[in-house]
*Asks:* 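Please see the structure below; I have some questions.
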Amino acid sequence: MNIFEALRKDHDLQRSLLENLINTSGDTDKRDQTFEQLKKELAIHADAEERHLYVPLIDSDKTQEKARHSIAEHHDIDELIEKLEEIEYSSSAWLKIAKQLKEKVEHHLDEEEHEVFQIADKVLSEKEKSNLAKDYITHVDNKR
């Protein structure tokens with residue numbers, strides 16, 4: 001497995017959790033559990049991705065700008081999560097912001113998969129891609 005395959009697997013999980021989240025309603029256990037799981041997955045993923053994909057990519061002139069942009073998007077996602085944490089689950093504003101979060105995360109994942117991965121594939125060696133995947137998976141598994 002290479003780093004891109006490992007990341008795509010987690011991206012699929014995030015997409016599923018986002019879809020489940022916006023299909024919840026009101027102040028329910030399902031909304032709370034889904035939101036808590038999504039927050040945890042996004043935090044673990046962003047931390048591991050920054051360490052095991054973006055740090056190596058920042059070293060290359062070809063990928064530095066994309067890596068910095070992606071890291072900035074992680075911060076934008078964190079800000080939306082913080083907004084959601086401040087609003088009551090039963091508020092209509094909560095679902096509106098949850099939909100914004102879904103849109104932002106999906107944009108970020110699509111951009112990574114269709115732009116960043118293609119550029120990174122040319123910069124990283126096969127051995128690096130394999131080693132980064134192992135490090136990423138270990139990091140994620142240890143945090144879950």
*Asks:* Which pair of non-hydrogen atoms, one from R31 and one from S25, has the smallest distance, and what is that distance?
*Replies:*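 Nearest heavy atoms, R31 then S25: NH2-CA, 3.3 Å.
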*Asks:* Drop me the distance from R68's CZ to S70's OG, to the nearest 0.5 angstrom.
*Replies:*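 With rounding to 0.5 Å, CZ (R68) is 12.5 Å from OG (S70).
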*Asks:* Roughly how far apart are H139 NE2 and K143 NZ, rounded to 0.5 Å?
*Replies:*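 Between H139 NE2 and K143 NZ, I get 5.0 Å after rounding to 0.5 Å.
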*Asks:* Check for a donor-acceptor pair, side chain of H45 on one end and backbone N or O of E41 on the other, with a separation under 3.5 Å.
*Replies:*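 Not confirmed, H45 side chain does not pair with E41 backbone.
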*Asks:* Using a 4.5 Å cut-off between side-chain heavy atoms of Ile, Leu, Val, Met, Phe, Trp and Tyr, which other residues end up in the same hydrophobic cluster as I137?
*Replies:*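 Its cluster partners, ordered by chain and number, are M1, I3, F4, L7, I44, L53, Y54, L57, I58, I71, V116, F117, L124, L132, Y136, V140.
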*Asks:* Does a donor on one side chain and an acceptor on the other come within less than 3.5 Å for H75 and E79?
*Replies:*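 H75 vs E79: no donor-acceptor pair found between side chains.
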*Asks:* Between K66 and Q118, is there a side-chain heavy-atom distance shorter than 4.5 Å?
*Replies:*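 Counting from C-beta outward, Q118 and K66 never come under 4.5 Å.
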*Asks:* With a cutoff of under 4.5 Å between side-chain heavy atoms, which Ile, Leu, Val, Met, Phe, Trp and Tyr residues group with I87?
*Replies:*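 Result for I87 is L13, L17, L18, L21, F35, L38, L42, I77, L80, I81, L84, Y89, W94, I97, L101, V105, L109.
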*Asks:* So, does E5 use its side chain to make a donor-acceptor pair with the main chain of N2 at under 3.5 Å?
*Replies:*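 Looks like yes, one N/O pair under 3.5 Å.
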*Asks:* Does the side chain of E36 come within less than 4.5 Å of K39's, by heavy atoms?
*Replies:*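 Yes; the side chains approach each other to less than 4.5 Å.
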*Asks:* Between the side chains of H69 and E65, is a donor N or O closer than 3.5 angstrom to an acceptor N or O?
*Replies:*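 Side chains of H69 and E65: no pair found under 3.5 Å.
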*Asks:* Once you round to the nearest 0.5 Å, how far does CG of N23 lie from NZ of K102?
*Replies:*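 It comes to 8.5 Å.
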*Asks:* Evaluate the side-chain proximity of E111 to E73: yes if any heavy-atom separation is below 4.5 Å, no if none is.
*Replies:*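 Side-chain contact under 4.5 Å: yes.
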*Asks:* Can you tell me how far the NE2 atom of H52 sits from the NZ atom of K134, to the nearest 0.5 Å?
*Replies:*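 Spacing of NE2 (H52) from NZ (K134) equals 14.0 Å.
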*Asks:* Does E126 offer a backbone N or O that forms a donor-acceptor pair with the side chain of S130 under 3.5 Å?
*Replies:*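 No; zero donor-acceptor contacts below 3.5 Å.
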*Asks:* Determine the minimum heavy-atom distance between I119 and K62, stating which atoms define it.
*Replies:*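 Closest approach of I119 to K62: CG2-O, 3.6 Å.
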